[in-house]
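Numbers restart at 1 for each chain; the letters A, B, ... are given by sequence-line order, proteins then strands.
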Amino acid sequence: MEFQRPRGTRDFLPDEMAKRRYIENRLREVAIRWGYGEIKTPTFEHIELFTIKSGEGILGEIYNFKDKGDREIALRPELTAPVIRMYVEGLQKSPKPLKFYYFDNCFRYERPQKGRFREFFQFGVEIIGSARPEAEAEVIALAVEMLNSAGVKGDLHVGHLGIVRSLLKEIQPYQQSKIMRLVDKKDDKGLDEFLDEINAPDEMRGKLFRLIGLRGINAMHEARELVGDIEAISQFEALLELLDVYGLEYQVDMGIARGLDYYTGMVFEIYCEGLGAQNQVCGGGSYRLAQLFGGEDTPSTGYAIGFDRVMEICEAKPAEVKRIVIVSFDDTREQAIVIAQKLRQHVSTYVDVAGRKFKDQISYANTLGASHVVIAGKNELDAGKVALKDMKTGVQELVTVEEIIEKIFR
RNA sequence: GCCUGGGUGGGGUAGCUGGUUAUCCUAUGGGACUGUGGAUCCUACGACUCGGGUUCGAAUCCCGACCCGGGCCCCA
């Protein structure tokens, strides 16, 4: 019986890996140019790291197991918590702000569908140690820049949880969470019913509905009327001004809640066409997790890009690489290896390892998509040369091994 | 966990109102053409997702499981 890969996992073949690596490298280059350093955290962590902020409810979506030392271990379902854990564990006294990026696989036990897998890849960044709008704006601009570098255009929505939450100060935290979740789902009917259920004051109810409906340029003016002149509004306005400085197109959207309790300030999401039900390619915001993990209270901002979703829709294609196949005969096989060793210093080179005959070697070069074939026959070698054949044009010329590289890359 | 559509050689397919040895294309291995690629020919390889049921007989009908696509819940 043949084995099958576990549900929701994938194998990546060379063609696809070439494309994935290409996009990955584009994202990396952007992160590095913006001054972010790469980090890597373990594939698995203690399960509490993920349950502490989100409760036991998420257990159903976590891959977890007990190790031989009887520890409850979880394959990471995301990377923000591990990064902050790493920060609290060893970097609290390092100069701020810290700017990190990461690219790694994560695991969630969910029903697979388009753009959703049980093993998936996230590319993300975090700024740790600044609560300023400058940090938030930079993070958003970086997210957009990364997606652009991958050839992806999306709709950027920006909101601020502090503003919405200020309306809910009077009610219980669990009720706040529930409301935020309904807001996030844009479930107006459910929200209305829930507000009835908890006997929310009419004033709050009216303001809440008006606030989460706010969009566009006058949003801040109206928001100020609704919630008063609070700090969060000034902060958010400062952020929007900076987004203008970056030249970003965005939509103010007070209806973003991210469904998560740990976000405290700015939140943003980027949506794309062509992804079916999972149309969000990027999401993030400002949060305070360090405290929760036993460290000092430290403001952070970050986001994660759904790398697999980017791969679904991105236009960018890697440039074709030159590939050479050396074709030899039984009496020149050893010389072919020597030539291959020289060419491999400069270019992807294939030499026959299957004992194939001359014609089949050329045929195979063709199926490989070789740009050139180097024919190492006795006649050529006796003259100190080889034949270089361009597989596109079919043109063939006698050259020395040293001349091959410059001929190919001319 | 729920709803919905679907699973025939490696890929793509025909058959699927039950009935000889499951069709065709392609890919792959070997060979012919004996120092020049995409061609042609010969040959080999290779499939009814699995289990149960109905039946004289099941790829075909029924049930279940598994897997895949899409949607819901969820989405840190």
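Only the P atoms considered, B/U49 is 6 Å distant from B/U8, to the nearest whole Å. For B/U28 and B/C66, the C1' atoms lie 29 Å apart once the distance is rounded to whole Å. As rounded to the nearest Å, B/C25 and B/C3 have C1' atoms that lie 37 Å from one another. With both ends at atom C1', the span from B/G7 to B/A76 equals 34 Å, rounded to whole Å. Spacing of C1' atoms, B/C68 relative to B/G31, comes out at 39 Å, to the nearest Å. Comparing B/A58 with B/G51, their P atoms sit 14 Å apart, to the nearest whole Å. When the C1' atom is compared between B/C74 and B/C24, the two are found 45 Å apart, to the nearest whole Å. Comparing the C1' positions of B/A47 and B/G11 gives a spacing of 12 Å, expressed to the nearest Å.
Salt bridge A/Glu403/A/Lys385: absent, no basic N to carboxylate O contact under 4.0 Å. Under the 4.0 Å criterion applied to side-chain N and carboxylate O atoms, A/Arg116 and A/Glu110 are assigned as salt-bridge partners.
Applying the side chain to side chain donor-acceptor pair (under 3.5 Å) rule to pairs touching residues 351-363 of chain A yields A/Arg333-A/Asp352, sequence neighbours excluded.
The partner of B/G1 is B/C72, judged by Watson-Crick or G-U wobble contacts that both fall below 3.5 Å. Using Watson-Crick or G-U wobble geometry with both donor-acceptor distances under 3.5 Å, B/G7 finds its partner in B/C66. Across all strands shown, B/G57 has no partner, as no Watson-Crick or G-U wobble contact with both distances under 3.5 Å is found.
RNA chain B lies under 4.0 Å from at least one heavy atom of each of the following residues of residues 107-126 of chain A: A/Arg108, A/Glu110, A/Arg111, A/Gln113, A/Lys114, A/Arg116.
In this structure, A/Arg7 atom CZ and B/C66 atom P are separated by 8 Å, rounded to whole Å. With rounding to whole Å, A/Leu13 atom CG is found 12 Å from B/G11 atom P. Between the P atom of B/C73 and the CZ atom of A/Arg181 lies a distance of 13 Å, rounded to the nearest Å. Per the geometry, CD belonging to A/Gln4 stands 8 Å off P belonging to B/C67, to the nearest Å.
Taking the side chain to side chain contact (heavy atoms under 4.5 Å, CB included) definition, one finds that A/Leu292 meets it with A/Ile52, A/Lys53, A/Leu289, sequence neighbours left out. Here A/Arg10 pairs with A/Asp308 under the salt bridge (charged side-chain N to carboxylate O under 4.0 Å, His left out) rule; sequence neighbours left out. Annotation: side chain to side chain contact (heavy atoms under 4.5 Å, CB included) contacts of A/Gln291 (sequence neighbours excluded): A/Asp297.
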Worksheet item: If the sugar-phosphate is the primed atoms plus P, OP1 and OP2 and the base is the rest, what is the B/S/- string for nucleotides 30-42 of chain B, using protein heavy atoms under 4.0 Å?
Response: --SB-BBBB----
Item to complete: Before giving the answer on side chain to side chain donor-acceptor pair (under 3.5 Å), spell out for A/Thr298 and A/Tyr87 the whole-Å C-alpha distance, their side-chain angles and the decisive distance to 0.1 Å.
Response: CA-CA 10 Å; A/Thr298 310; A/Tyr87 162 74; 3.3 Å; yes
